[in-house]
Amino acid sequence: NYTKDDIHKYILSSSDLPENDAIAIKKAIMEHGSVFSSVYYNDNYYSKSNNFYEYIGENEPNHAISIIGWDDNKQAWLVKNTWGTYWGDEGCFWVSYDDSQISKKCTSWNESVNTEDIDEVYTYSKSNCTGSMGYEKPNIPLSILVAYEIKEGESLEYISTFIVNPDTKIQIAISYDGENEPIYTWESENIKYTGMYLHKLNEEIVSNGEAILVEICYTSPYKYAVPTEQSIENYNDITLYDNQWISLNGEWVPVGKDYRDFRY
């Protein structure tokens with residue numbers, strides 16, 4: 001039970017980096033400052049004499065860390081831990097490039113904004129993306145449509161969506177409820193990484209008090225390109241609203257509570 005006052009920043013976009021891609025990790029550190037990762041930690045594999053860690057094995061990660069730099073001479077990542085400055089080298093240590101988990105599942109937080117700089121966040125998502133849907137075949141465009149009731153006079157600045165597959169292309173169209181012609185259209189290049197993608201509108205859209213419809217069309221070289229969020233017991237207790245639709249055989253079909261029936 002937290003409020004907006006408990007949140008310091010909103011993360012606007014993120015990238016799930018390719019597995020074991022050192023170049024992508026280094027590039028993300030240079031551009032965004034750090035990279036989220038995880039390791040399997042056990043004191044038996046940590047050397048206090050040189051603050052060096054290396055685990056090679058099959059155990060799953062059990063500890064989250066941030067990669068903040070690297071040293072090719074040491075063949076290791078510089079990692080900031082979460083145990084305070086009393087531990088390691090003022091809270092940091094080195095993890096070998098050869099560690100089994102360090103570069104497997106990495107995420108960069110690309111953009112964020114202070115909570116006091118945003119008046120409203122219009123979203124129905126509580127846990128972001130927990131699944132995907134779409135066609136069995138790749139490279140077939142599929143659109144979703146969501147209606148937002150935005151207060152009159154407020155300006156819409158960003159559209160964000162989760163990207164399920166790498167190298168996905170999206171098209172965005174914004175219109176007012178009942179209007180056939182969009183008031184805004186935009187098309188992306190291929191989006192390289194999965195994760196939360198943010199598009200900053202290149203022109204101001206000010207609400208006239210009517211519902212605003214946001215349509216996003218996904219085209220991916222993989223199947224099931226559309227992000228979904230479903231109710232998961234003891235994790236994600238949500239209600240899928242009646243103001244979300246998916247394009248099915250040329251018609252807009254309400255997603256509702258039975259979206260999992262639309263597997264085609």
Side-chain angles (χ1 to χ4, degrees), residues 1-118 125-130 160 162-163 166 191-198 232 234-236:
N1 295 322
Y2 60 83
T3 68
K4 181 177 177 180
D5 293 334
D6 299 312
I7 303 171
H8 301 293
K9 287 178 178 287
Y10 289 115
I11 293 173
L12 302 181
S13 67
S14 65
S15 295
D16 297 327
L17 304 180
E19 186 173 319
N20 298 323
D21 190 333
I23 294 176
I25 295 172
K26 292 176 179 179
K27 187 172 184 289
I29 291 171
M30 288 189 292
E31 291 181 354
H32 307 298
S34 70
V35 167
F36 169 83
S37 184
S38 56
V39 294
Y40 171 74
Y41 187 83
N42 184 308
D43 276 334
N44 293 330
Y45 304 100
Y46 175 63
S47 172
K48 291 183 179 180
S49 62
N50 57 1
N51 297 308
F52 196 89
Y53 186 83
E54 180 182 72
Y55 169 75
I56 298 177
E58 300 297 326
N59 287 332
E60 292 294 317
N62 62 1
H63 185 55
I65 46 84
S66 291
I67 304 174
I68 60 173
W70 68 90
D71 188 330
D72 287 335
N73 292 323
K74 294 180 184 290
Q75 289 289 289
W77 300 105
L78 179 60
V79 168
K80 184 176 182 181
N81 208 347
T82 56
W83 294 337
T85 55
Y86 71 91
W87 186 90
D89 182 6
E90 296 186 351
C92 295
F93 66 120
W94 296 95
V95 178
S96 168
Y97 286 163
D98 295 327
D99 183 90
S100 294
Q101 302 294 345
I102 185 69
S103 58
K104 267 192 172 182
K105 294 182 179 179
C106 296
T107 299
S108 65
W109 314 113
N110 303 338
E111 296 181 72
S112 63
V113 63
N114 293 328
T115 52
E116 60 266 24
D117 295 333
I118 291 182
S125 173
K126 292 186 177 181
S127 61
N128 209 348
C129 174
T130 56
S160 67
F162 199 86
I163 300 298
I191 299 169
K192 186 175 181 180
Y193 298 134
T194 64
M196 179 57 72
Y197 182 78
L198 179 75
I232 300 174
N234 298 322
Y235 173 68
N236 192 35

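Side-chain atoms are counted along with the backbone in the values below, which use heavy atoms only and exclude waters and symmetry mates. In this chain, numbering begins with 1 at the start of the sequence shown.
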Test item: side-chain donor near acceptor, D99 and S96, under 3.5 Å: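 D99 vs S96: no donor-acceptor pair found between side chains.
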Side-chain H-bond candidate by donor/acceptor type, T107 with D16, under 3.5 Å: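 Side-chain D/A pair, T107 to D16: present.
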Is there a side-chain contact (heavy atoms from CB on, under 4.5 Å) between I65 and I102 once you walk through the steps? CA-CA 9 Å; I65 46 84; I102 185 69; 3.6 Å; yes
Restricting to non-hydrogen atoms, name the atom on [X] and the atom on [Y] that form the minimum distance, rounded to 0.1 Å.
X: K80; Y: C92; result: CA-SG, 4.0 Å
X: W109; Y: H32; result: O-CB, 3.9 Å
X: N110; Y: S14; result: ND2-C, 3.6 Å
X: E60; Y: Q101; result: CA-NE2, 4.3 Å
X: I68; Y: I29; result: O-CG2, 3.5 Å
X: S100; Y: G57; result: OG-N, 2.9 Å

Can you tell me how the ring of Y41 sits relative to the ring of Y53, calling it parallel under 30°, perpendicular over 60° and tilted otherwise?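 Ring orientation, 0 to 90° scale: parallel.
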Checking side chain to side chain contact (heavy atoms under 4.5 Å, CB included) against C106, which of S37, P18, S15, S38 comes through?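 That would be S37.
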Should we say atom [atom1] of [X] is surrounded by more than 12 heavy atoms from elsewhere, each under 6.0 Å from it?
X: K26; atom1: NZ; value: yes
X: K9; atom1: NZ; value: yes
X: E31; atom1: CD; value: yes
X: Q75; atom1: CD; value: yes

Please walk me through it: do L78 and I67 pass side-chain contact (heavy atoms from CB on, under 4.5 Å)? CA-CA 6 Å; L78 179 60; I67 304 174; over 6 Å; no
Can you spot which of W94, W87, Y55 makes a ring-ring contact (aromatic ring centres under 6.0 Å, His included) with Y46?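 One option only clears the test, and that one is W87.
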With the side chain counted from C-beta on, respond yes when H8 and T115 share a heavy-atom pair under 4.5 Å apart, and no when they do not.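 Answer no - side chains too far apart.
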